[in-house]
Amino acid sequence: MKDDFYFMQRCELLGKSAGIKGEAQVGSVIVSNDEIVSEAEEAVKSKNDITCHAEIEAIRGAVKKLKTTNLSNCILFTTHEPCVMCSYAIRFHKIKKVVFLHAVDYLGGATSSMPLLTSDNVPSRWGKAPEVVHLKR
């Protein structure tokens with residue numbers, strides 16, 4: 001079985017690739033049954049679209065590949081703490097676990113004054129909050 005560090009290494013490579021292209025150095029992967037289902041790097045500048053954060057791009061890929069919006073059997077790994085926007089998408093798609101490496105200073109989905117990723121104050125149809133792991137090296 002692959003551990004969290006294994007998948008985070010892939011996220012870091014994706015983040016470096018994004019940085020080389022002039023994007024924020026963020027990479028994300030979605031895993032199900034110990035296999036990568038989808039992966040993405042930040043694409044906000046290249047696509048001229050603020051919603052193209054690596055986490056949302058990875059979710060879009062997983063939804064397309066798995067042909068479902070229910071990702072409750074999936075884990076999202078990402079180099080940076082998901083923002084509030086990404087946290088909304090994570091909660092909506094019922095991702096069961098989120099693992100991130102770097103906390104963010106503002107609007108983090110788990111550490112800010114708006115912890116949408118961990119809050120119980122969300123629509124009941126979203127279900128329970130995902131397990132959130134701040135990976136430390």
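What you see is a predicted model, and the numbers here were worked out from it, not measured in a lab.
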* To do: Carefully, step by step, assess Phe7 and Asp34 under the rule side chain to side chain contact (heavy atoms under 4.5 Å, CB included).
  => CA-CA 9 Å; Phe7 293 111; Asp34 215 29; 3.7 Å; yes

Does the [X] side chain pair with the main chain of [Y], one donor and one acceptor, at a distance under 3.5 Å?
X     : Y      : result
Lys65 : Ser38  : no
His80 : His102 : no
Glu55 : Ser28  : no

Group every Ile, Leu, Val, Met, Phe, Trp and Tyr by side-chain heavy-atom contacts under 4.5 Å, then state whether [X] and [Y] land in the same group.
X      : Y      : answer
Ile59  : Trp126 : no
Met114 : Val104 : no
Ile95  : Val122 : no
Leu14  : Val99  : yes
Phe77  : Leu13  : no

Pairwise distance [atom1]([X]) to [atom2]([Y]) - rounded to 0.5 angstrom:
X      : Y      : atom1 : atom2 : answer
Asp105 : Ser112 : CG    : OG    : 11.0 Å
Cys52  : Arg60  : SG    : CZ    : 5.0 Å
Glu81  : Thr111 : CD    : OG1   : 3.5 Å
Lys94  : Asn73  : NZ    : CG    : 13.5 Å
Lys97  : Ile90  : NZ    : CD1   : 14.0 Å
Asn33  : Ile75  : CG    : CD1   : 9.5 Å

Heavy atoms only: give me the nearest [X]-[Y] pair and the separation to one decimal.
X      : Y      : value
Ala54  : Ala40  : O-CB, 3.5 Å
Ile50  : Met85  : O-CE, 3.3 Å
Ala110 : Pro115 : O-CB, 3.8 Å
Ala18  : Ala24  : CB-O, 3.4 Å

Taking atom types as modelled, is there a side-chain donor on [X] or [Y] under 3.5 Å from an acceptor on the other?
X      : Y      : result
Ser72  : Asn70  : yes
Asn121 : Ser119 : no
Glu23  : Ser46  : yes

Residues two or more places apart in sequence or in another chain: which of them pass side chain to side chain contact (heavy atoms under 4.5 Å, CB included) with [X]?
X      : value
Leu101 : Met8, Glu12, Leu135, Arg137
Ala129 : Arg91
Lys21  : Ser17, Glu41

Does a sphere of radius 6.0 Å around [atom1] in [X] hold more than 12 heavy atoms from other residues, nucleotides or ligands, not counting ones at 6.0 Å or beyond?
X    : atom1 : value
Lys2 : NZ    : yes
Tyr6 : OH    : no
Asp3 : CG    : yes

* Within-4.5 Å side-chain heavy-atom neighbours: Gln25 and Thr79 -> no

* Would you check if Leu66 and Cys74 make a side-chain contact, meaning some heavy-atom pair closer than 4.5 Å? =>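 Sidechains of Cys74 and Leu66: in contact.
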
* **Aromatic plane relationship, Phe100 with His134 - under 30° parallel, 30 to 60° tilted, over 60° perpendicular** => parallel

